[in-house]
**Student:** 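Have a look at the structure that comes next, please.
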Amino acid sequence: MITLTGKKVSEGIAIGKLTFYKREGKEIRRIYVKDVEKEVQRFQKARQKAIQELKVLYDTAAKEVGDANAAIFEMQQTILEEQTLVDRVNSIIVEDKLNAEYAIQTVISEYLSNEDTENKIYTPGHDVDVKDVANRLLRVLSRSWKDKMLMDEPFVMAAGELYPSEAVQLDKNKVLGFVTRYGTINSHTAVLARTKGIPSVIGLGEALKKDYDGKMIVVDGYEGKVYIEPDYTTLTKMKQKQDTNVTHVKNLERLKGKENITQSGQRIDICANIGTREDIENVIRSDAGGIGLFRSEFLYMENGPKLPTEEQQFQVYKLAAESMGVKKVVIRTADLGGEKQADCLDVGHESNPTMGMRGIRISLEKEEVFKTQLRAILRASVYGNVSIMFPMITAIEEVTRAKLLLETAKRELKAEKTAFDEDIQIGVMIETPAAVMISGELAREVDFFSIGTNDLTQFTLGMDRTNDKLGKFYNSHHSALIKMIRIVANNVHLEGKKISICGDLAADLDLTETFIQMGIDELSVTPNQVLALRKKIREIQ
Ligand code: PEP
Ligand code: MG
């Protein structure tokens with residue numbers, strides 16, 4: 001048994017087979033193989049699978065766009081069935097003792113650069129199809145993780161580092177847990193793991209070796225420990241821990257329907273944070289008082305190269321609104337940029353993206369994209385208790401401009417005779433020291449506030465929340481931060497407005513009492529933290 005220690009990111013125990021995540025589009029490496037027969041078999045299997053996929057594609061396309069247009073997939077099949085291609089790939093594997101991926105890439109490059117049109121294995125002008133075929137073969141060979149999520153048994157994922165755009169796509173039913181070499185507990189990947197309730201340990205360093213691929217692993221998200229090929233005693237202990245957690249969660253369930261009230265009668269609301277459509281169900285199960293933060297940017301990040309349309313967004317927001325009934329749903333407009341990069345919205349290269357084009361700045365630069373989102377939120381507002389929140393605010397002008405665009409969206413909808421809530425509430429995130437200092441003025445502009453302690457901490461301390469070297473310096477209980485939260489609460493309350501905390505600190509049970517004393521109106525946490533927080537509140541004098 002090998003024991004590794006890292007940083008705990010998301011609680012829970014995961015037990016399963018370890019699978020290393022292969023990032024798509026990765027450079028193909030030239031690797032010597034010992035068992036060439038096995039490698040030839042790998043290639044043959046991948047080729048058969050690719051042919052099979054193309055047959056399905058042909059049938060689907062023929063139905064949808066007709067035989068003539070579908071013929072391209074038939075042509076791609078013939079490329080894969082071409083004996084000279086098969087022989088050439090096999091010969092590189094067998095004679096040069098090289099891996100199938102490298103052999104395929106070599107042969108395809110040879111074909112593409114071959115000027116001899118007479119001897120081409122495919123019709124000239126179809127280079128793009130040859131590339132497409134090669135990509136298909138390579139993807140099948142690499143068994144991309146997205147395919148894995150569709151087909152395989154549940155597994156524990158391992159990676160050097162996992163980006164938020166990748167973490168957002170993890171299917172909780174397939175990914176039992178994940179472990180990484182690098183990363184920090186404050187990153188958005190960590191936030192997503194907690195929101196989805198996927199047990200995870202990160203920052204295991206080089207000790208997390210590729211050799212462990214396929215081995216049995218236990219992830220202890222409570223302790224930040226990982227056991228590779230656990231011995232009988234450890235496995236039994238971990239299974240017990242898993243069962244104890246089930247009992248613990250069951251005990252917490254008794255608090256469903258109960259109030260969030262201290263012994264002395266002070267109340268505070270608890271809401272839940274979500275990122276995707278799938279999380280809505282968890283909020284319903286959690287008995288939260290609503291959705292305090294819908295990180296809508298994840299809809300953009302999981303949508304590939306295309307921007308999510310107004311209709312697409314409307315459907316998700318409407319589902320959230322309807323599912324919550326009278327309970328509130330705070331939709332934060334897209335907080336893209338920084339480490340939350342989406343393929344569909346290129347902000348260009350930046351040397352310091354965390355302090356670059358982010359959140360409201362992008363929205364104000366890309367007015368049409370912003371207006372599409374505002375229209376979708378407005379349309380959803382008639383289906384429940386929806387409000388809008390703007391992220392990364394630093395100045396009053398940003399709020400004024402955002403509100404003007406909201407008015408334009410409202411006017412458009414009115415002209416189209418589309419229903420929306422005329423009095424939709426508007427809030428802002430307090431994530432920058434600037435926003436803290438002008439919170440009094442901001443309180444005269446908007447209806448409510450939510451403190452994003454994750455960003456507020458990094459900007460107050462001047463420390464990157466994703467830099468894993470800063471662990472010991474990164475003090476999330478820093479008195480400067482607590483003072484800032486107090487200042488905001490006082491300023492906002494003076495104007496008779498409400499204040500919530502939706503950053504990770506909201507779930508920090510060591511601070512619950514402090515927040516209640518400050519008069520914070522609401523804490524918004526991940527769905528699976530709701531009942532533990534309720535328990536804590538009810539125990540406070
Ligand atoms: C925050 O900064 O605390 C916050 C809630 O926003 P995010 O974590 O998505 O940046
Ligand atoms: Mg933030």
Side-chain angles (χ1 to χ4, degrees), residues 168-169 192 195-196 271-286 288-304 306-336 340 342 344-345 359-360 362-363 366-391 402-403 405-414 416-429 446-448 450 452 500 502 522 524 526-527:
V168 71
Q169 296 180 58
L192 282 163
T195 308
K196 286 174 181 273
C271 284
N273 297 345
I274 65 163
T276 59
R277 172 195 277 269
E278 288 70 37
D279 301 332
I280 299 172
E281 211 184 295
N282 294 340
V283 182
I284 300 170
R285 256 188 267 125
S286 76
I291 296 173
L293 170 68
F294 187 156
R295 289 182 162 97
S296 70
E297 56 276 11
F298 289 114
L299 301 182
Y300 295 68
M301 291 161 70
E302 61 181 10
N303 208 50
K306 281 204 186 113
L307 282 164
T309 61
E310 178 182 317
E311 189 57 30
Q312 232 177 317
Q313 293 188 59
F314 163 66
Q315 292 299 343
V316 183
Y317 304 148
K318 176 172 171 257
L319 179 72
E322 284 179 334
S323 314
M324 287 298 118
V326 291
K327 293 180 177 177
K328 65 194 259 184
V329 177
V330 179
I331 303 174
R332 173 172 80 181
T333 57
D335 180 30
L336 288 161
K340 288 184 279 191
C344 58
L345 206 83
I360 197 70
I362 297 190
S363 299
K366 305 208 182 270
E367 289 188 359
E368 279 310 310
V369 178
F370 189 37
K371 202 149 59 65
T372 302
Q373 177 166 38
L374 294 175
R375 283 176 55 103
I377 301 174
L378 283 170
R379 281 174 57 198
S381 65
V382 285
Y383 294 91
N385 178 5
V386 175
S387 43
I388 302 181
M389 183 158 69
F390 301 127
K403 277 167 61 179
L405 284 162
L406 183 65
E407 284 311 309
T408 314
K410 282 184 177 177
R411 264 200 313 279
E412 281 180 12
L413 291 174
K414 224 179 247 172
E416 293 162 23
K417 299 206 175 358
T418 305
F420 62 90
D421 173 9
E422 299 256 7
D423 302 317
I424 192 162
Q425 299 251 300
I426 302 167
V428 291
M429 297 272 307
V446 296
D447 305 302
F448 67 93
S450 197
S500 136
C502 64
E522 172 195 304
S524 195
T526 62

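Because only heavy atoms are used, hydrogens play no part in the values below, and waters and symmetry mates are left out as well, while side chains stay in.
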**Student:** Please report the interatomic distance CD1(Ile274) to OG1(Thr526), rounded to the nearest 0.5 Å.
**Tutor:** 12.5 Å
**Student:** Any chance you could measure Tyr300, atom OH, to Leu336, atom CG, to the nearest 0.5 Å?
**Tutor:** 7.0 Å
**Student:** For Glu278, does the CD atom have more than 12 heavy-atom neighbours from other residues, nucleotides or ligands under 6.0 Å away?
**Tutor:** yes
**Student:** Picking from Gln313, Glu416, Glu311, what satisfies side chain to side chain donor-acceptor pair (under 3.5 Å) with Arg379?
**Tutor:** Glu311
**Student:** Quick check for you: to the nearest 0.5 Å, what is the distance between Ser500 atom OG and Glu522 atom CD?
**Tutor:** 4.0 Å
**Student:** By the definition side chain to side chain contact (heavy atoms under 4.5 Å, CB included), identify the one residue from Ile388, Val386, Ile424 that meets it with Ile331.
**Tutor:** Val386
**Student:** Apply side-chain contact (heavy atoms from CB on, under 4.5 Å) to Glu302 and list each qualifying residue two or more places apart in sequence or on a separate chain.
**Tutor:** Val168, Gln169, Thr276, Leu299
**Student:** Which value, rounded to the nearest 0.5 Å, describes the distance between Leu406 atom CG and Arg411 atom CZ?
**Tutor:** 10.5 Å
**Student:** Testing the basics here: between Ser363 and Ala334, what is the closest heavy-atom pair and its distance to 0.1 Å?
**Tutor:** OG-O, 4.1 Å
**Student:** Would you mind reporting whether Ile360 and Met429 have side-chain heavy atoms less than 4.5 Å apart?
**Tutor:**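 No - every pair of side-chain heavy atoms lies 4.5 Å or more apart.
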**Student:** Please examine the side chains of Thr195 and Asn282, heavy atoms only from C-beta on, and report whether any two atoms are closer than 4.5 Å.
**Tutor:**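 No, their side chains stay 4.5 Å or more apart.
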**Student:** Does any part of the side chain of Phe448, heavy atoms only, come nearer than 4.5 Å to the side chain of Met389, both counted from C-beta?
**Tutor:**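 Met389 reaches Phe448 side chain to side chain.
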**Student:** Do the side chains of Glu407 and Lys403 get close enough for a salt bridge, i.e. N-O under 4.0 angstrom?
**Tutor:**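 No, this pair does not count.
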**Student:** Test Leu378 against every option in Phe420, Phe314, Tyr317 by the side chain to side chain contact (heavy atoms under 4.5 Å, CB included) rule and name the one that passes.
**Tutor:** Phe420
**Student:** Which atom pair, heavy atoms only, marks the closest approach of Gly275 to Asp279?
**Tutor:**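 Nearest heavy atoms, Gly275 then Asp279: N-OD2, 2.9 Å.
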**Student:** One pair to check against side-chain contact (heavy atoms from CB on, under 4.5 Å): Asn273 and Arg295. What are the steps and the verdict?
**Tutor:** CA-CA 8 Å; Asn273 297 345; Arg295 289 182 162 97; 4.0 Å; yes
**Student:** Would you list the atom pairs, donor with acceptor, under 3.5 Å between side chains in residues 318-325 and any protein atom, with sequence neighbours excluded?
**Tutor:**
from, atom 1, to, atom 2, distance (Å)
Ser323, OG, Leu319, O, 2.4

**Student:** Any donor and acceptor pair, going by atom type alone, linking the side chain of Asp447 with main-chain N or O of Ile426 inside 3.5 Å?
**Tutor:**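 Yes; judged by distance alone, with no hydrogens or angles, the pair exists.
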**Student:** Check whether Lys410 reaches the backbone of Glu422 with its side chain - one donor and one acceptor, N or O, closer than 3.5 Å.
**Tutor:** yes
**Student:** Is Val316 close to Phe294 at the side-chain level, that is, under 4.5 Å between some pair of heavy atoms?
**Tutor:** yes
**Student:** Would Phe298 and Leu192 satisfy side-chain contact (heavy atoms from CB on, under 4.5 Å), going step by step from the backbone distance to the final call?
**Tutor:** CA-CA 10 Å; Phe298 289 114; Leu192 282 163; 3.5 Å; yes
**Student:** Provide the closest heavy-atom pair for Cys271 versus Gly292 in the form atom of the first, atom of the second, distance.
**Tutor:** CB-N, 3.5 Å
**Student:** I'd like to check Arg375 versus Leu413 (side-chain heavy atoms, cut-off strictly below 4.5 Å). Are they in contact?
**Tutor:** yes
**Student:** I'd like to check the side-chain contact (heavy atoms from CB on, under 4.5 Å) partners of Glu368; sequence neighbours left out, ordered by chain and number.
**Tutor:**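 Here the qualifying residues are Lys371.
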**Student:** Considering non-hydrogen atoms only, spot the tightest contact between Gln312 and Leu307 and give its length.
**Tutor:**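 Smallest heavy-atom distance, with atoms named: OE1-O, 4.3 Å.
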**Student:** What is the distance from atom CG of Leu405 to atom CZ of Phe390, rounded to the nearest 0.5 Å?
**Tutor:** 8.5 Å
**Student:** Can you see which heavy atom on Thr372 is nearest to which on Thr309, and at what distance?
**Tutor:**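 Residues Thr372 and Thr309, closest heavy atoms: CG2-C, 4.3 Å.
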**Student:** Work out which heavy atom in Gln373 is nearest to a heavy atom in Ser296; give both atom names and the distance.
**Tutor:**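 Closest approach of Gln373 to Ser296, heavy atoms only: NE2-OG, 2.8 Å.
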